[in-house]
Amino acid sequence: MRDAENIRKVEALGIDMMGFIFYPKSSRYVSVRPSYLPTKCKRVGVFVDEDVENIKKIADDYALDFIQLHGHESIEEVMKLQDWNVIKAFSIATKEDLEATAPYEGIVDYFLFDTKGKSAGGNGEKFDWSILETYHVYTPFLLSGGIGPEDAAALNSLRNATLSGRELSTLNSHCIGIDLNSRFEIEPGIKDIVKLKTFLNYGKQD
């Protein structure tokens with residue numbers, strides 16, 4: 001997000017978090033501070049292999065609530081950011097990719113699972129969500145990866161499903177949020193309010 005009026009409209013939908021990308025190579029890069037920043041939802045700053053001191057400066061300037069790391073940040077670097085809530089993103093294609101989360105268990109607040117692709121996030125493609133049934137770490141996660149308006153029914157079913165005689169599925173018990181990005185945009189950085197509202201209201205009673 002980077003357009004003040006669009007930020008206001010998205011915030012009014014009652015979302016929990018709003019992301020601001022501070023990665024110069026991204027088409028959504030926040031190069032100029034928006035004239036309005038959200039006050040009713042949490043602010044998330046997204047970084048890719050950024051210098052820790054620069055992350056801290058931006059986090060202070062934008063009063064960020066969360067720092068989301070999409071690069072190859074080490075445990076030592078993450079430990080220097082403990083004054084903020086930290087989300088560590090992982091690109092997922094196979095069950096083995098989930099093993100990379102283990103060293104960060106107990107170090108970060110949330111994981112974010114995205115599709116493994118050519119770029120650092122924002123590939124707009126889904127991965128096989130069933131892979132997450134092999135996830136046995138305790139850190140809660142956000143689900144990303146090419147989620148679009150047509151996925152509302154499937155996600156609603158997955159999150160509300162119970163397995164007879166077994167614990168809730170991993171997606172249900174550990175997934176604490178859905179990341180809605182490229183497939184809800186009119187153009188990079190500008191969200192389609194109608195698509196977002198329809199998705200967020202799916203399954204709600206009138």
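For this chain, numbers begin at 1 and follow the sequence in order. Since this is a predicted model, take the numbers as computed values, not measurements.
Both Ile107 and Tyr135 belong to a single network of hydrophobic side chains, linked directly or stepwise wherever heavy atoms of I, L, V, M, F, W or Y lie under 4.5 Å apart. By the criterion of side-chain heavy atoms lying less than 4.5 angstrom apart, applied directly or through intervening Ile, Leu, Val, Met, Phe, Trp or Tyr residues, Met1 is not grouped with Val194; the two fall into different hydrophobic clusters.
Shortest non-hydrogen contact noted between Cys41 and Met18 is SG-CB, 3.9 Å. Closest of all the heavy-atom pairs between Asp151 and Gly146 is OD2-O, 3.8 Å. The minimum heavy-atom distance between Val78 and Gln82, with the atom names listed, is O-NE2, 3.0 Å. Nearest approach of Pro149 to Phe184, heavy atoms of both residues: N-CZ, 3.5 Å. The shortest heavy-atom contact between Leu155 and Leu143 is CD2-CD2, 3.8 Å.
Partners of Glu187 according to the side-chain contact (heavy atoms from CB on, under 4.5 Å) rule, which considers only residues two or more places apart in sequence or in another chain, are Ile190. The ring pair (Phe, Tyr, Trp, His ring centres under 6.0 Å) search around Phe20 returns none, not counting sequence neighbours. For Pro140, the side-chain contact (heavy atoms from CB on, under 4.5 Å) partners two or more places apart in sequence, or in a different chain, are Tyr110, Ile176.
The CG atom of Asp109 sits 8.0 Å away from the CD1 atom of Ile87 when rounded to the nearest 0.5 Å. Put simply, CG on Asp49 and CG on Asp51 are 11.0 Å apart, with the number rounded to the nearest 0.5 Å. To the nearest 0.5 Å, the span separating OG1 on Thr94 from CG on Leu98 amounts to 7.5 Å. Atom CG of Leu13 is separated from atom CD1 of Ile193 by 5.5 Å, given to the nearest 0.5 angstrom. One finds the OG atom of Ser91 at 9.5 Å from the CG atom of Leu112 (value rounded to the nearest 0.5 Å). Note: Glu76 CD to Lys80 NZ = 8.0 Å, rounded to the nearest 0.5 Å.
Leu180 places a side-chain heavy atom less than 4.5 Å from the side chain of Phe199. In this structure the side chain of Ile55 reaches within 4.5 angstrom of the side chain of Ile67, judged on heavy atoms. With contacts defined as side-chain heavy-atom distances shorter than 4.5 Å, the pair Val86/Leu69 qualifies. Ile15 places a side-chain heavy atom less than 4.5 Å from the side chain of Val10. Under the 4.5 Å side-chain criterion, counting only non-hydrogen atoms from C-beta, Pro38 is in contact with Ile7. Under the 4.5 Å side-chain criterion, counting only non-hydrogen atoms from C-beta, Asn181 is in contact with Lys191. The shortest side-chain heavy-atom distance between Ser144 and Phe113 does not fall under the 4.5 Å cut-off. Looking only at side-chain heavy atoms (C-beta outward), Asn54 and Phe47 stay at 4.5 Å or farther from each other.
Sorted by first and then second residue, the side chain to side chain donor-acceptor pair (under 3.5 Å) pairs involving residues 98-108 (not counting sequence neighbours) are Glu105-Thr139. A side chain to side chain donor-acceptor pair (under 3.5 Å) check over residues 35-47, counting only residues at least two apart or in different chains, returns the pairs Glu11-Tyr36. Sorted by first then second residue, the side chain to side chain donor-acceptor pair (under 3.5 Å) pairs that include residues 55-68, not counting sequence neighbours, are Lys57-Asp61, Gln68-His70.
Below 30°, between 30° and 60°, or above 60°: for His174 and Phe141 the angle between ring planes is below 30°, a parallel geometry.
No donor-acceptor distance shorter than 3.5 angstrom exists from the side chain of Arg2 to the backbone of Ser31, with no hydrogens or angles considered. A donor-acceptor pair under 3.5 Å is absent between the side-chain atoms of Asp192 and the main chain of Ile186, judged by distance alone.
Electrostatic pairing of Glu185 and Lys195 does not count as a salt bridge here, judged by no charged N lying under 4.0 Å from a carboxylate O.
The ring of Phe90 has its center closer than 6.0 angstrom to the ring center of Phe111.
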